[in-house]
Amino acid sequence: MKWFVSPRVMCLAALLALPALADNITVDADRDNTLYEDFSGALSNGAGPNIYVGRNSNGDLKRGLIRFDLTAIPPGSVINSISLKLYMSRTRAGNQPVNVYRVTADWGEAGSSGSGQGAPAEIGDATWQHRFFNDTFWVAPGGDHAPAPSATATVGGTLGFYTWTGGQLAADVSFWIENPGSNFGWELIGNESANTTAKRFESRESFNPALIPRLLIEFTPPPGTGACCVAGGYCYVATPAGCDAFGGAYQGDGVECQSGPCGAVVGACCLPSGNCVTLNAPDCLLQGGTYRGDGVACEAGLCPVILTPFVDQLPNIPIAPPTSGSAGGTASYTITMNEFYQRLHRDLPDTRVWGYNYRFPGPTILASTGHPVTVTWVNDLRDEFNVPRTTHILPVDLCLHGAVNEPRTVIHLHGGEVPANVDGYPSDAFLPGQSLTYVYPNNQLPAMLWYHDHALGITRLNVYMGLAGGYVITDPVEQALGLPSGQNEIPLIIQDRSFNPDGSLYYPATWHEDFFGDKILVNGKIWPFKYVNRGKYRFRVLNGCNSRTLTLALSNGASFKLIGLEGGLLAAPVTMTSITLGPAERADIIVDFAQFAANTEIILTNSAPAPYPGTPGVGVVPNVMKFIVTTSAGFTGAIPSTLRTFTPIPEAQASRSRDFILRQEPSPCTGTRWTINGLEWMDITEFPRLGETEIWSFINQSGMSHPMHLHLVHFQVLDRQDFTIVDGQPVPTGERVPPPISEVGWKDTVMANPFQITRVIATFSGYTGLFPYHCHVLEHEDNEMMRQFHVVYFGDFDRNDSVDLADFIDFATCMFGPSIAPSPVPPPPTGDECLEAFDDKYDGDVDLLDFAAFQRGFGRH
Ligand code: C2O
Ligand code: CU
Ligand code: CU
């Protein structure tokens, strides 16, 4: 009676009330895989959402395997017709034959999940060489199958369903029904006689349940069998005794399920994986699902992806290996951007991400103050056919300024005090196949910086896909402090993401003013856990979210010590029990687990509403990760009570103050958008002079906080002051409140909170040129809440002759150079901006328009 129950089989009685002579059933594939002929012969795709056939552009072959469970069809049945339906979801060249062969040996499907190039096989997967990786082999590499195809079909250039049918296919099924131990399914073999013939089909793991492979079987049950109704309206064909044994109600010999004797009712069922399948209520429960109601259809978004927190270990982010020199010193690196699959949670199918050196987040670059690091950044984003990408993988909202549907990338070292030409100017994008080399001088204090994408109009998409990584600068002074290091010093890169049930990243197709993921990842795993020794750890915490602010605390209320901010160490540790980090803010913290008993479990929690500051409890994802204290002793060295000299910049040192009003405005493209002084990216109005100090005031006329970031410099927070709007003008209503001691240090991003004036002070030293400043809510940044300042070097103008080339050179030097400041930085010039000086030269005929034209003519570098 093995064939009696099969939850995968759906009696179509209720759906097709046809007066037929035979029963029809539809069976879903119960196993599938792809074999890849490459040099290793050990690639596979057991758990991936696709099956591939045909030949790659590089000549490698791919073949599909597929099997259906036929135990619902009683032996002795006559198979009247069979059609195998597959959905072709990606294609290279047009019409190609795809043949179906009966497989003659058993094979496996395990957890590997790859794309067009496959993924390393897992134990039990079928590969080109193995029936079961890694100890059971095919007789013929590429799969043992009957010599002649059972069916053939031409698969064209149009995406859609393709069907294989015919007598030999029916004969295969009859054979398998009588000999269930020989049912090894079919092998799908495409056109292997030419390159670039590959076709991709949806597998049984397809994101869209309507597109999974199905076998339609029309059969006449043997005499002495008939419909058997079991609880929930399920119908199977069975013998009277078999029906009885299962507690069903036998409907009589020859009664067909198709005639609807059981009144089966089906509806959408959300499986624990988040996949939606159409089932009846009892079967849905049987599979651990949630039944969404009779007649409810499976639609995208119906089933939330529910994942158990704290089941995966916190990944160790590797240190990037240099190609020459040594990590942590003067060194050169080649770092490549790739597209690949990464397992982000035990229960989630692998996610296609972008990363650096096949890592998401990217490897950590280690550097030391004064030792330059050279990185050749290579864009090698390739699609699943291993072809350099030409389009983005996420939907691109083309109405945003600079947005193009291309996998453009820009590399910015956030927090790096670097020349403009290696800062990653947002429109200096490079495409797959291109690379560039940046030298980072590392003439700055020890701190954790981070590198991330910065492409104009699509930064939020590129970073969301995974293009971010850590960059840690140290120096001997910091090393001498004896802070926890090695295994006890760990970056925690925190990012929020949302997922589709197939594991793919979910991001809306059109621009929204913020995006909040419903899962939190640390170092590339969703809600991970970490075993910690009973000792001190130094965590380099980065809020790497697009929009989400985090208020982090330990679930047992324990305190920790804050020792540093974005730009380096504090003067002294600050004891805290929670810390709020806006996007891009960093906290260097020490947690001492020695105070907790072995086996204590402590959750790192988040309580920040989204949007922030918002309403308490709204939009909060409370879990971040879990620490489990082990019995082992850890690092017990003392944390020094003073860390690093910190000298506040006196306000009087500032030669200029600038106001920046942050507010929402109507936008023809997106309805509304956030702006800085109502101006856009191309409006350049800030020309700080090299070496001079300025005070910048962010006047936030909105109900949400904006994490404001300046490139090139680190600044100090002076104060925050409440204001109100009177006659359209901000009018202060309170005192200037100095920042809390936890914010007294070097920063590169500051939370400008609602209806407050946040003042920061910075010295624009180091390099001339154009640098962005922006809100680090990436959705805001991508939609004009990003502008640029231009650091100028005020050179000597030769004012006594007519305008000549020397004047242009002076002007260019003033505006653009020297690109590396002479040391010491020359005293600030007296007089006006270079523009005005140049204007003088032209007897007042030169104005801002000339300047803009000049700037365009010269280019930036
Ligand atoms: Cu974190 Cu302009 O960047
Ligand atoms: Cu930056
Ligand atoms: Cu903002």
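Both counts, for ligands and for their atoms, begin at 1 and track the order of listing.
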Looking at Tyr358, I'd like to know if its OH atom is crowded, meaning that more than 12 non-hydrogen atoms belonging to other residues, nucleotides or ligands lie closer than 6.0 Å.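 Not buried by this count: 12 neighbours or fewer within 6.0 Å.
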Are more than 12 heavy atoms from other residues, nucleotides or ligands located less than 6.0 Å from atom CG of Asn316?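 No, the 6.0 Å shell around CG holds no more than 12 heavy atoms from other groups.
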Opening angle between NE2 in His774 and NE2 in His711, taken at atom 2 (Cu) of ligand 1, to 10 degrees: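 NE2 of His774, atom 2 (Cu) of ligand 1 and NE2 of His711 span an angle of about 110°.
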Ring centroid separation Tyr356 to Trp450 under 6.0 Å: no
Ring centre gap for His774 and His780 strictly below 6.0 Å: no
Does His776 put an N, O or S atom under 2.8 Å from atom 1 (Cu) of ligand 1?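 Yes.
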N, O or S from His454 under 2.8 Å to atom 1 (Cu) of ligand 1: no
For N/O/S atoms only: which one belongs to His414 and is nearest atom 1 (Cu) of ligand 1? ND1
His412 backbone or side-chain N/O/S under 2.8 Å from atom 2 (Cu) of ligand 1: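 Here the distance criterion (N, O or S atom, under 2.8 Å) is not met by His412, so no.
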Give a rough value, rounded to 10 degrees, for the angle at the Cu ion (ligand 2) between atoms NE2 of His412 and NE2 of His709. 170°
Donor-acceptor pair, Tyr464 side chain versus Asp496 backbone, under 3.5 Å?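 The answer is no, because no donor-acceptor pair under 3.5 Å joins these two groups.
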